Amino acid sequence: MSGDHSHNEDQIDCGSRVNDSHKHKDKYRDKEHKHKDHKKDKEREKSKHGNGDYKDSSDKKHRDKEKEKMKHKDGSADKIKDKHKEKKIKLLDGKIKKEKENGFASPQHVKSEPEDDFYYSPKHEKSLKRERDDDNDSEFKPKKIKTENDKKAKKRKQEEDIKSKKMKNKKGEVADGKKKAKKEPEEKWKWWEEERYTDGVKWKFLEHKGPVFAPPYEPVPSNVKFYYDGKVMRLSPEAEEVATFFAKMLDHEYTTKDIFRKNFFKDWRKEMTAEEKSKITDLKKCNFGELSEYFKAQSEARKSKTKEDKLKLKEENERLLQEYGFCIMDNHRERIANFRIEPPGLFRGRGDHPKMGMLKRRIRPEDIIINCSKDSKYPQPPSGRKWKEVRHDNKVTWLVSWTENIQGSIKYIMLNPSSRIKGEKDWQKYETARRLKKCVDRIRNQYREDWKSKEMRIRQRAVALYFIDKLALRAGNEKEEGETADTVGCCSLRVEHIKLYPENDGQEYVVEFDFLGKDSIRYYNKVPVEKRVFKNLQLFMENKEPDDDVFDRLNTSILNKHLQELMDGLTAKVFRTYNASITLQQQLKQLTNVDENIPAKILSYNRANRAVAILCNHQRAPPKTFEKSMQNLQAKIDAKRDQLSDARRELKSAKADAKVRRDEKSKKYVSEDLVKMKFPPWLSVLTTC
DNA sequence: ACTTCGACTTAGTATTTGAGAC
DNA sequence: GTCTCAAATACTAAGTCGAAGT
């Protein structure tokens, strides 16, 4: 059993997902429908087992899991492995420390980078030099040429020699940077030719202007009315603002959903005055119609603004971008990805999210933590206001953070993908995937061996890893129930997500996957697996309830610890990167032909990308405008059809006319000119539509 | 050992932009 | 000039994963 050569080809043809998913989804997915089906299945399964013994199956699940875990708590082998691991890390640490001491990032004098043949752990960021693979895959050379963001960002280059971190007259520089940028040919900062920081330091100098806050709420004009129970009702600004959030979404289907409405109403009431609260007790009696119309009219007005107005708007945006959209990180002016604070609104999670409709509150300066250099010019809060905190943590990459109120998670303002800090990380990611390429056969052999292990947890780990590798599944962290949509990944698959067919459509050992993954995107795939995998799955699923975990002795942390032992820096997601990359590479090789013209090459390229999208189960809803443009096309087709039948009619009568007149000239006219005029060659295509 | 948290990447959707067709 | 449509960009939710906390 070698690490199967055919494996890579499997990546593009791993089961019947392509066809099936389209069959099932009718090309464009219908989330609502999907969710309902999913739930129904679950209910069905539950009721099957629901009588008698287990009234609360989730409770039972919990108990069982506990029991099982106890049974296997002996896992002593792991401890030994852990010790090994620690040693390794220490070793690397020592090395790193040494190197780190003289490590500079973005040195003023750019040294050329010797291509040494050693790999350093990207994970531990030991190396001063960027790791570079020494195998012969020359086609893999990192060729991303990133620019120091945005054309206008330029001119920073010249300041590279400025030693002092204090940008004396920063404003002036930035301003004339803008002017110059338009004329000067762009000079790119080749950060990838420079040395990197070590030991977790992300920057030495960071200066920025802080975030741009959402514009304050502007009450709607008094002639735009809200009605409750058929009567006009004037709302307090606070309540009105939240009402406008709902009104703006009225056209969306989710405003009809119970959870959305319930969550919204509950949060809305919190913003109401006591009087409003006592009056407004039923969302059904609320009429947001005028508000909704008002906002529609507003957006129309925005679209039909004059050229000058639009230009003015554009310029204002550009000004904001120049002022707040860039930071200075280690002598370079870098573009910020999201310098605007997320405006308040109603939360719309993806899929069946239990929190949809909740109020996403307005972020104030007092919620904001600023991160910048001690020796930089700190961003100033709006006058009379305060930041929550200003800190100087150069072990992180974010500039601004705040805690969001829906999940209580932290949000960040970070740099654009073209920045050095993001680019390096991205590069590192691909380098890790390239290292996996070198040992993937070994790892595959290993997990195939592990399918036979005496220990259940090792078998589970091996089967899960096989799915992650073969099907590009995500790791599948556990999620808190009731906090988010019910989605899963590999380690969190439940019995209800998998069906086993010893034989199906002439194939043996077929596994059918049907679950909602990230973003509640449905993963449907029917795939033949090796007999051992199949038997193992039967074993894992034996005597379990539909909502029990398939891999009850596995989680992402256990899996990743194991992967770490197999290869430094290896985690579950690296397999996705690796398999996506190798698939693209193989497909390009297979589909493209040097002699083809550009359009043919583009077609092949798109097809190669499609193969990757299928592997990774990337899906998108049809654009909103899809329906409309189809209608337009149909209208054109109809018009041509009419034209065609008119032309036929004319032809007929002209022929008849010619017969009567027996006029040579007329004959000629009928057979050539008229036909040419009325039946352009491409029209025949339409007639077959 | 398990849970929570923080930092960061990934990815779908909405909006804007800009080029070509009419 | 206006309209249409696709590509680019903006936005932000939802993942991953390691480390700290319990």
Side-chain angles (χ1 to χ4, degrees), chain A residues 29 31 66 69-70 73 75 78-79 82 89 123-124 150 200 202 214 249 252 299 302-304 307 310 313-314 317 321 325 335-343 345 347-351 353 355-356 360 369 371 393 395-398 401 403-404 406-418 421-422 425-426 428-429 468 473-480 483-485 487-492 516-521 555-561 563-564 569-577 580 613 616-626 628-633 636:
Chain A
R29 71 206 144 90
K31 281 190 184 174
E66 291 298 294
K69 277 181 185 160
M70 296 299 273
K73 268 201 167 133
D78 273 3
K79 278 178 192 156
D82 280 347
I89 289 174
K123 187 176 150 226
H124 305 301
D150 205 61
K202 303 289 168 51
M249 293 175 138
H252 274 113
S299 81
R302 221 173 304 127
K303 273 183 227 159
S304 50
K307 242 195 199 163
K310 279 184 179 169
L313 230 58
K314 206 177 163 186
N317 258 336
L321 174 69
R335 177 90 182 264
I336 297 167
N338 54 325
F339 58 92
R340 287 170 215 267
I341 297 282
E342 297 175 19
F347 175 78
R348 170 55 176 148
R350 302 192 179 134
H353 197 116
K355 297 190 170 184
M356 66 170 83
K360 206 169 101 159
I369 301 175
N371 193 31
D393 182 356
K395 300 276 172 78
V396 298
T397 66
W398 54 267
S401 76
T403 301
E404 150 271 348
I406 304 289
Q407 317 278 0
S409 62
I410 307 171
K411 299 259 184 164
Y412 303 94
I413 289 182
M414 292 182 184
L415 297 192
N416 200 65
S418 59
I421 216 149
K422 295 292 182 188
K425 204 68 191 296
D426 200 41
Q428 197 174 275
K429 172 185 80 185
I468 284 170
L473 300 190
R474 295 187 180 84
N477 282 316
E478 278 148 287
K479 303 169 77 187
E480 212 178 320
E483 291 294 295
T484 57
T487 62
V488 297
C490 187
C491 294
S492 49
L516 298 180
K518 183 180 179 183
D519 298 325
S520 291
I521 299 291
N555 61 39
T556 54
S557 155
I558 295 172
L559 179 66
N560 281 334
K561 266 181 193 145
L563 293 175
Q564 192 57 230
L570 186 60
T571 63
K573 80 194 267 283
V574 179
F575 282 89
R576 248 172 104 80
T577 308
C616 293
N617 199 39
H618 288 153
Q619 299 184 35
R620 284 201 301 168
K624 290 266 158 58
T625 50
F626 179 76
K628 206 183 142 215
S629 46
M630 285 311 274
Q631 277 171 4
N632 287 348
L633 284 175
K636 275 186 191 170

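What's counted below: heavy atoms across the whole structure, side chains too, no hydrogens, waters or symmetry copies. Here is the naming used below: chain letters follow the sequence lines, and residue numbers restart at 1 for every chain. What you are looking at is a predicted structure, and each value in this text was computed from that prediction instead of being measured.
Residues that satisfy the salt bridge (Lys or Arg N to Asp or Glu O under 4.0 Å) test with A:Lys518, not counting sequence neighbours, are absent from this structure. Residues passing the side-chain contact (heavy atoms from CB on, under 4.5 Å) test with A:Ser557 are A:Asn555, A:Lys561, sequence neighbours excluded.
At C:dC17, none of the side-chain N or O atoms of A:Lys561 fall inside 4.0 Å of OP1 or OP2 (strictly under the cut-off).
Residue A:Asn560 is in sugar-phosphate contact alone, with no base atom involved, counting any heavy-atom pair closer than 4.0 Å across all strands shown. Using a 4.0 Å heavy-atom distance criterion, A:Ser401 is classed as making no nucleic acid contact. At the heavy-atom level, A:Ser409 lies nowhere under 4.0 Å from the strands shown. Residue A:Lys314 is classed as a sugar-phosphate contact, given heavy-atom separations below 4.0 Å to backbone atoms only. Nucleic acid contact class of A:Gly476 (heavy atoms, under 4.0 Å, all strands): sugar-phosphate only. Counting non-hydrogen atoms under 4.0 angstrom, A:Lys355 reaches nothing in the nucleic acid.
Closest to the side chain of A:His618, from the set B:dA11, B:dT10, B:dG6, is B:dA11. Across B:dT10, B:dG6, B:dT13, the shortest atom-to-atom separation from the side chain of A:Lys573 is found for B:dT10. Candidate nucleotides B:dA14, B:dT9, C:dT16 were compared by shortest atom distance to the side chain of A:Lys425, and B:dT9 ranks first. In this structure, the nucleotide among B:dT10, B:dA7, B:dT13 sitting nearest to the side chain of A:Tyr412 is B:dA7. Listed nucleotides: B:dA11, B:dT13, B:dT9. Nearest to the side chain of A:Arg576: B:dA11. When distances run from any side-chain atom of A:Ala475 to the nucleotides B:dA11, B:dC8, C:dC17, the shortest one goes to C:dC17. Checked against C:dA14, C:dT12, C:dC17, the side chain of A:Ala572 finds its nearest nucleotide in C:dC17. Picking from B:dC8, C:dT12, B:dT9 the nucleotide with the shortest atom distance to the side chain of A:Arg350 gives C:dT12.
The separation between A:Gln564 atom CD and C:dT16 atom C1' is 14 Å, rounded to whole Å. Whole-Å rounding puts the A:Asp426 CG to B:dA11 P distance at 12 Å. As rounded to whole Å, 14 Å separates atom C1' of C:dG15 from atom NZ of A:Lys429. Rounded to whole Å, the distance from CG on A:Asn338 to P on C:dT12 is 9 Å. Counting to the nearest Å, the P atom of B:dA7 and the NZ atom of A:Lys395 are 13 Å from each other. In this structure, the NZ atom of A:Lys310 is 12 Å from the C1' atom of C:dG1, given to the nearest Å.
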For this session: Would you sort out whether A:Phe575 and A:Leu563 count as a side chain to side chain contact (heavy atoms under 4.5 Å, CB included), showing the intermediate values?
Result: CA-CA 11 Å; A:Phe575 282 89; A:Leu563 293 175; 3.9 Å; yes
Problem set entry | CA sep, side-chain torsions, deciding dist, call: A:Asn617, A:Ile521, side chain to side chain contact (heavy atoms under 4.5 Å, CB included) | CA-CA 8 Å; A:Asn617 199 39; A:Ile521 299 291; 3.8 Å; yes
Please tabulate, one pair per line, each protein N/O and nucleotide N/O from nucleotides 8-10 of chain C that are separated by under 3.5 Å, including the distance.
from, atom 1, to, atom 2, distance (Å)
C:dA10, OP1, A:Arg335, NH2, 2.9

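Along DNA chain B, the nucleotide nearest A:Gly408 and the nucleotide nearest A:Thr577 are compared for position; the residue whose nucleotide lies closer to the 5' end is A:Gly408.
The aromatic rings of A:Phe347 and A:His353 lie perpendicular to each other, with more than 60° between the two planes, well past the 30° mark.
With hydrogens and angles ignored, a donor-acceptor pair closer than 3.5 Å exists between the side chain of A:Lys518 and the base of B:dT10.
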